[in-house]
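In the text below, chain A, chain B and the rest are named by the order of the sequence lines, each starting its count at 1. Keep in mind that this is a model prediction, so the values were computed, not measured. Values below: all heavy atoms of this structure, side chains included; hydrogens, waters and symmetry mates excluded.
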Amino acid sequence: MLKIENATVWFEGRDRLVHALDRVNLDIAEGDFVVALGTSGCGKSTLLNAIAGFLPLSHGRITLDGRAIAGPGADRGVVFQKDTLMPWLDVADNVALGLRFAGLGARARRDRARELLALVGLADFAASFPYELSGGMRQRVGIARALATEPDILLMDEPFGALDSMTREQMQELLVKVWHRTGKRIFFITHSIEEALVLGTRIIVMSPRPGRIVARYETDFVRRFAAGATLKDIRLSDRFGPLREEIRDILHADRDEKEAAA
Amino acid sequence: MTVLDKMTALDAPSAPAAEPAGPPPVRVKTFGLEGRSTAPISLVTAAVLLGLWWLAADLRLVSSLFLPHPAEVFHQFLVVARDGYAGAPLADHIGASLFRIGLAAALAIVTGIPLGLLMGLNRWAKGILDTPIEFYWPLPPLSYLPLMIIWLGIGETSKVTLLFLAMFAPICLAAQAGVRSLPVERTQAARALGATRVQLFRHIVLPSALPEILTGIRIALGVGWGTLVAAELIASTRGIGFLIMSAAQFLATDVVFVGIAIISVCAFAFAYAVRLAERVLVPWRGKG
């Protein structure tokens, strides 16, 4: 269980303190696919950075299976929006980078990399270099790399934000497949309501200034997606549209309120 | 008219094409070189310059004391290659210079890279080492040449030290710039994959800084050749720089030209070698 209790973050801005995260409470259990949804500046990336261990909390605590998080570690795999593959390593070496840090031998690394590349559909690209791949393919390598060290949870910071909408849908399908097969917990950030609904078992809607959770949903669209339903089936299903509009209303009402106050 | 009719109407070509559909291909106009090769232009320029030199010498526009004829320079090269110059074979002169530059470059690389990386990573290292480096490196090597002689004597040590000092700064500064250009996300990614500090340095920081470091080495080698003549002013009996200075004292302009040509060929070869190293070590540079 990943437990987030009263997570609060203050940043030192140029001339004032910024309240980036306000008393966030969240549990992520085995098999959960939690999607944090919100506009930019709502603290969702701050929350992810805190879970990853890149950022300490001002108040509160985060524990993973009982251990307090003190810094980054291989028990939490991170997939970034920006391409963070190492350009001097080929795809297989990039995927196996965490295993190399863990001291695994060359053969074991290669076998594991091959396995993961097959999982993300890049079996034929083991010897390619990142600059030879498209954006979508690079993100697949990023996912395979994050899975290589067998992390307890996968943290994904708007991983498909920079992709075109066709590639994005392909990647969503791939991610659901990976989630279904590996049973990994996933914490996923997006600003797309549809993406949140299609992917999450649970959705937390966040609001800026200060960043906090304003609504929580549990959905089963992703389980139907995993069971073979197409994206189209899901989008056209009865509850999808109303739920999407409900969340949209929350986000808009919240923004109008903040603008009126400002 | 139905919708379908409209669509077919739109799809149909409006008029028979006047021009054949095919090449030539076009490209978007951009600012800059557009990646097109400049080699042919450079080669033609070189040929034109050589031709002008030849012409000026042939027509005796300038006294051969100032501008010897190209054929004369080439002849003098053959003479120097056969008989040597100032009591030593040409190979000894070239060898002496290559040894000094090579040794100084090796020392500058071995010290400049780790110190530069350290300065890029550690506040204390940066604070302490910045002062002496920023103080000395803009100085012309000729200005501290006398100090080198007084402190280190007239042997090889002072020459190699002078060259080393000239070459150290560009490499050290390049290594620092290499560390600074490291994207935050890249180090975060490595830390999230379980990298220790040592692994982070060895597997992420060093390769990330490599392109900048190689640029620094290329600049350093240029500076090194530029300082060579100054270094070999110090009581030398061997070296291309010495050969040039010695020939100048006898107004042997043609030998001066021979020396300059040898330096330029050597410097070009060094620069080319670094380019090859770049192609092998950082083929990913500037891509993605």
Side-chain angles (χ1 to χ4, degrees), chain A residues 45 48-49 51-55 69-90 93-104 128-135 137-138 141-151 153-159, chain B residues 35 109 113-114 116-117 120-123 174-218 274-288:
Chain A
S45 286
L48 183 136
N49 283 335
I51 302 173
F54 301 142
L55 183 76
I69 282 167
D75 54 346
R76 284 147 289 148
V78 184
V79 181
F80 298 81
Q81 175 174 8
K82 267 191 166 180
D83 172 23
T84 57
L85 300 180
M86 307 306 157
W88 56 90
L89 297 178
D90 69 20
D93 283 343
N94 262 296
V95 170
L97 188 59
L99 303 174
R100 181 165 194 168
F101 292 148
L104 245 73
S128 302
F129 281 84
Y131 61 80
E132 298 169 316
L133 305 183
S134 68
M137 289 159 94
R138 286 186 210 187
V141 179
I143 293 171
R145 179 179 73 174
L147 288 169
T149 53
E150 296 278 8
I153 184 169
L154 211 51
L155 308 173
M156 309 184 75
D157 191 355
E158 294 194 42
Chain B
I109 287 169
I113 294 174
L117 293 174
L121 293 168
N122 183 286
R123 181 170 155 260
Q176 278 182 64
V179 176
R180 269 201 305 272
S181 69
L182 179 67
V184 182
E185 290 86 359
R186 198 177 277 175
T187 56
Q188 285 184 336
R191 299 265 280 134
L193 289 168
T196 60
R197 287 188 71 83
V198 175
Q199 286 172 331
L200 195 64
F201 180 80
R202 156 79 185 77
H203 293 286
I204 309 299
V205 176
L206 196 59
S208 293
L210 201 54
E212 307 263 3
I213 290 173
L214 285 168
T215 303
I217 290 175
R218 213 160 76 194
V274 179
R275 269 181 203 278
L276 281 185
E278 281 179 344
R279 212 170 294 168
V280 173
L281 292 172
V282 291
W284 41 274
R285 170 177 216 164
K287 294 174 189 161

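Nearest heavy atom pair, residue A:F129 against residue A:D90, reads CE2-N, 3.6 Å. Contact between A:F54 and B:A192 at its shortest, heavy atoms only, is CZ-CB, 4.0 Å.
In this structure, chain A has no heavy atom under 4.5 Å from any part of B:T196. For a residue to count as touching a neighbouring chain, one of its non-hydrogen atoms must lie under 4.5 Å from one of that chain's; by this rule B:L200 does not touch chain A. Using a 4.5 Å cut-off between heavy atoms, A:F80 contacts chain B through its side chain alone, with no backbone atom that close.
Residue pairs meeting the salt bridge (Lys or Arg N to Asp or Glu O under 4.0 Å) criterion with at least one partner in residues 189-205 of chain B, sequence neighbours excluded, are absent.
Most heavy-atom pairs under 4.5 Å with chain A: of the set B:G194, B:P183, B:P207, this distinction falls to B:P207. Here A:T84 is the residue among A:L89, A:V79, A:T84 with the most heavy-atom pairs under 4.5 Å with chain B.
Formation of a donor-acceptor pair under 3.5 Å by the A:R76 side chain with backbone atoms of A:A52 is found in this model.
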Residue pair B:E278, B:R218: steps toward the salt bridge (Lys or Arg N to Asp or Glu O under 4.0 Å) verdict: CA-CA 10 Å; B:E278 281 179 344; B:R218 213 160 76 194; 3.0 Å; yes
